There are 2 protein chains.
Amino acid sequence: MHADEGLAGRIGSPADVKALDASQLAPLCADIRRTLVDYGKRHGGHIGSNLAVVELTVALHRVFDSPRDAIIFDVSHQSYTHKMLTGRAPAFLDPALAGSVTGFTNPGESPHDLFALGHTGTSVSLACGMARARDMGAIPAGGPGSGDVIAVIGDGALSSSVALEGMSDAAELGGNLIVIVNDNEMSIAENHGGLYASLARLRESGGREGPNPFRALGMDYRYLEHGNDVDELVPVLEEVRDVDHPLVLHIHTTKGLGLDEEDAAAGVLPGRHESNHWQNPLSAADAPLKARKVYGRMAMEALGRRFPDEPGLVVISPATPGSNGITPEFRVRAGRHYVDTGIAEDHAAAFAAGLARAGATPVLATSSTFFQRAYDEIHEELALNGLPVTLLVFAAGFSSTDHTHSGIFDIPMLASIPGLTYLAPTSGGDLLDMLDWSTRSRDHGPVAIRIPGDDVLAADRDRARRSGTVAVADALSATGAEASSEAPGPLIPNPVPGVHGHDAAQSNPFLRYRIDRRGRDVALIGLGTMLPLAESCADALGHATDDRLQATVVDPRQCSLLDEAALARLGANHRLIVTLEDGQRDGGWGQRIAAYYAAGLKDTESGSAESRKTGSGRPSSPRVICLGADAEYADRVPMDELRARYGLTIESIIPRILRILSEGIPQGTR
Amino acid sequence: MHADEGLAGRIGSPADVKALDASQLAPLCADIRRTLVDYGKRHGGHIGSNLAVVELTVALHRVFDSPRDAIIFDVSHQSYTHKMLTGRAPAFLDPALAGSVTGFTNPGESPHDLFALGHTGTSVSLACGMARARDMGAIPAGGPGSGDVIAVIGDGALSSSVALEGMSDAAELGGNLIVIVNDNEMSIAENHGGLYASLARLRESGGREGPNPFRALGMDYRYLEHGNDVDELVPVLEEVRDVDHPLVLHIHTTKGLGLDEEDAAAGVLPGRHESNHWQNPLSAADAPLKARKVYGRMAMEALGRRFPDEPGLVVISPATPGSNGITPEFRVRAGRHYVDTGIAEDHAAAFAAGLARAGATPVLATSSTFFQRAYDEIHEELALNGLPVTLLVFAAGFSSTDHTHSGIFDIPMLASIPGLTYLAPTSGGDLLDMLDWSTRSRDHGPVAIRIPGDDVLAADRDRARRSGTVAVADALSATGAEASSEAPGPLIPNPVPGVHGHDAAQSNPFLRYRIDRRGRDVALIGLGTMLPLAESCADALGHATDDRLQATVVDPRQCSLLDEAALARLGANHRLIVTLEDGQRDGGWGQRIAAYYAAGLKDTESGSAESRKTGSGRPSSPRVICLGADAEYADRVPMDELRARYGLTIESIIPRILRILSEGIPQGTR
């Protein structure tokens, strides 16, 4: 039987689940599971966690009445079955429609999706709010949210203790609120923290023994061992329905249940395996690694070589190692030099502060979007205390990801923190130099390093191929298959002695702008991943003007402090400055450069008196165009489209430059 | 016996505590307690929490060997006794030396102070880091931090569950780590959350009964009932010293123990009373309230009047109501319309999102510095979801506070969040209009309102007195004594019908800049609390030039979006724009205005072609000076000094304007 001829395809809404004979629930679950496994092979996704909650989700829609009863999925990456049961099954059955739904709940898609969520741990707090609104009489009887309020949260999310705050507050607020803890014994990687020993003891004792963290927070508690048995789930949910107080229903499930041999052959295994957290389409198995993983692995290799000699060198990952090139093999080799704190970025940042204060050398690695969760600790514990902690910021900048994981906010967030230095390397070599400096010297506060994006990787690969450095070129072209192999060997040659090391530690050697190409009239300042585009624009400008316009290209290397001397020199012989920023324009870095020029050249700068008035009607300061992302949460917009939207393409930039410079460009150019 | 002739004055270092005969410990504690009570009357401070831990701190320095043993005080507002025992007793004994120490631990003061801390809950994480560094061999034997690692954390801080994350991780990391939970049954106000029922049951049962939250996180556990008995504390600390695994020592103490009748007469009571969290000097009892409390009370009054008619209107305060004018009386009257979440800003923000999603109207009130702790939820749960939540941002902008509570980061933080509108009222009336709009209309995402500062309050008081509106003038001059009286009555007259209300809700009426004064040549754009200074500068400029220079004064009313039409008009007939910003310049609001002008007037703006080239050598765009705070954590710098440092005084601004405009100012002016 074809999947779309199965039961799953016949469910158009939760009412259809309720109308089924009870005996059909298990077959429906089996059909959904098959559908999701097939979908994973074709399209990839968070298949493992979804396979864990097929039965739970069917049982929820059998017993409860969404959206009158509010079901809130924590992080919401496990909501595929929920989507299938609420009118969106075709997206999972028909390959042509796969793009019609997002990978997370989305109020724009369905009234059954209450929030757009992608960060962990807040479902209980959101549920508290909805329950409170209901209990205050703010929701019309029978309307959405007027019934039970249910949060579905994974065991891994409990380490993100906003969930614990939520439960403690729920216990005080009182009233109906059901928290379903979906315990599949896994976070993204394995779970970390003493809390999980308590969960294990609860599982082993059928919920009866050991200190109960949920009861300790004031919640009532029930346990169900067979969380993948829909026929056991339904009566338990019926029992807790309309409960008059906050309750945790702890169920035991299996992540990736139903993954098959074909998946296994691709390295994706059912059960407690990190491999099933995020699955790539089978067709992508041999695709070269993206910059994020390549540079992450490079950085880890470089640090790993130093572990034997540096007892205090520690890599910290708040639960997301794999995405950032921190491979299972690396973690094993690192031993005590690697700490996974669980999904607890705030704790991870303060933990790093403690390490640094004691003289150790912490390197904290996570995504731009997840550093948002440690914003206060980066301010208070790290920057205010001036502690030499290195932050590796992955997935910063534009991407075609969903709106809950946008990477464009890191510059407004981090570059405005006093005493924090935000470095933007423009090659793998740069990255290693910067990492070496930040982890070897201690005479600085926190240093964040923005892991370069795919444009930089492409340029690195080009350079490596042109220079015939085969080992480097190979390393830069590593594929996912290699990444999961045992003992992959060093990704890059050992660093050249004398280039790296303590000599660089005396002061920050990366604060001065680097002039990559000297021209005149227009200067393109390309931060980090934008540098290759700046170079291409300079080339295109030369072409378009028969080399009459030769743009200057600047690699600023960091976005925390202005190199005012360099800017003053640029201002003296360029009429137009263009900043290219792989992040949000407002509150970002380019606007600081604009503000520098808008204030007029400093009276104290030599030559400024002359440069302020040159030529006929020439303005005293250059005009400045700041290019970067609009202030928005772009949702799965292809990169090309995004760059076009923000004017960050050669096709957009060249005419703009020519138009602005038109008055002064030599005759006949246009 | 005079305090400075007592035992406390004879302790120069922890070695002196160790050298005392055991029988002298209790008298030492009594002398310290007397000293702190006297100090509180003279200088104010966090006296209550310090009085709770006098004996604990003496016992810690008796038993442990700081700084070899690392003692980390959570928030560190309770470290006065620690300071007295580590060479800083004179600061508490001699009124002339009171300014020589800060109110928090401070590595700049003493090697016994490990971190500068002022935000809650991170001590356990910091301790984890130090313990890990020790256990990895990164600390030389015998050196600071090479011994035991101890975190001292209050019960109130446990609601900030980064502390729980820390304990769970500690349990996994293993090794010596002692967390002392100082349980005085109080947060800043009363405790909130189911966790506290568990603490109560532990206290009642001598630590034996009920679900134990610490054991549930994997920590070992001990309980001591008499936490203010130094002779009981010493042997217990000796027993846990050098413990080889993470352990919680839960002790029961009394906040404000030793406060006397004079304090009581000033409204500051020992025990479980919010009044003893922060004590003002007795001499300040009748001082008029600061803007923060006046406007906080205004806002609460306005909301409170609507509670009977609006079931879903909810004020949320994460544990700090009193500082923001949310009086105990208001809270009682508000009933279910008021929620204290405990110190859990991240939960509070997500809770507000849940309320808003369900159709309720949440107003979340806390300090600029504490909103940092909810940064991710403001992005993800509020802004991305476009939910109409109102954030009242208190204590934003410059202040003479300590560096851990700086209010200057809110604009870089909040104004760069897509879809969030950050409003900056310039009067009490403005504040109420904006609050009314944000809480009555739902066709907007999150709205933050920056509570105005003392300059605005002074202007409001002037206006009220000049216009003879006695009731308003009185309300604006309320004192602390009134604030703690019963049923203070409405602070302001009922709003004028027709000005407030649903009519204003159709779209945001505050996005257009308001021209307060029309001039030419120079425009001063003063955001929020900076508007009175902009007005004063305009006056002074007129005086200095015999009215030949008439500055334009603009009240931008918000700092999220540029009013480009207004800016274009200003650009057309002003040569200099000065932005005045009560916050950090870098990443802030003024730089966006500078970037707007640096890009050149828009081709599409009418008149821009003309205005771009006017007069002789006149630049195409105005010059822009952005005034605001340097990127720094200013520590207890007096306001006058701070404003002088940032060039935000009339004495600095006027000469600067005159210098820049000198070329174009009519002959003879200077």
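Within every chain, numbering begins at 1; the chains are lettered A, B, ... in the order of the sequence lines, protein sequences first and strands thereafter. This is a predicted model, so every value here is computed, not measured.
- Only one option out of A:Ser160, A:Ser159, A:Ser161 pairs with B:Glu165 in a side-chain hydrogen bond (donor to acceptor under 3.5 Å, both in side chains); it is A:Ser161.
- When A:Gly312, A:Ala595, A:Ser168, A:Gly218 are compared by the number of non-hydrogen pairs under 4.5 Å with chain B, A:Ser168 comes out ahead.
- Both the backbone and the side chain of A:Ala344 come within less than 4.5 Å of a heavy atom of chain B.
- Residue B:Asn385 touches chain A through its side chain alone, counting heavy-atom pairs closer than 4.5 Å.
- Within the 3.5 Å criterion, the main-chain N or O of B:Asp376 finds no donor-acceptor partner in the side chain of A:Gln372.
- Heavy-atom distances place both the backbone and the side chain of B:Thr369 under 4.5 Å from chain A.
- Two residues are said to be in side-chain contact when any heavy atoms from C-beta on lie closer than 4.5 Å; B:Tyr633 and A:His379 meet this criterion.
- Within the 4.5 angstrom heavy-atom criterion, no atom of A:Ala70 approaches chain B.
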- Message: One pair to check against side-chain hydrogen bond (donor to acceptor under 3.5 Å, both in side chains): A:His192 and B:Asp169. What are the steps and the verdict?
- Response: CA-CA 7 Å; A:His192 287 279; B:Asp169 202 22; over 6 Å; no
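- Using a 4.5 Å cut-off between heavy atoms, A:Leu387 contacts chain B through its side chain alone, with no backbone atom that close.
- A:Ala116 touches chain B through backbone and side chain together, each having a heavy atom under 4.5 Å away.
- With a threshold of 4.5 angstrom between heavy atoms, A:Val124 does not approach chain B through any atom at all.
- Of the atoms belonging to A:Leu114, heavy atoms from both backbone and side chain fall under 4.5 Å from chain B.
- In this structure, the portion of A:Glu377 lying under 4.5 Å from any heavy atom of chain B is its side chain and not its backbone.
- For the pair A:His337/B:Met136, a side-chain contact is recorded, criterion being any heavy-atom separation below 4.5 Å from C-beta on.
- For chain B, the nearby parts of A:Asp135 are the backbone and the side chain; heavy atoms of each come within less than 4.5 Å.
- Going from atom CD of A:Gln591 over to atom SG of B:Cys626 covers 10.0 Å, rounded to the nearest 0.5 Å.
- Contacts between B:Ala352 and chain A at a heavy-atom distance below 4.5 Å are absent for every atom of the residue.
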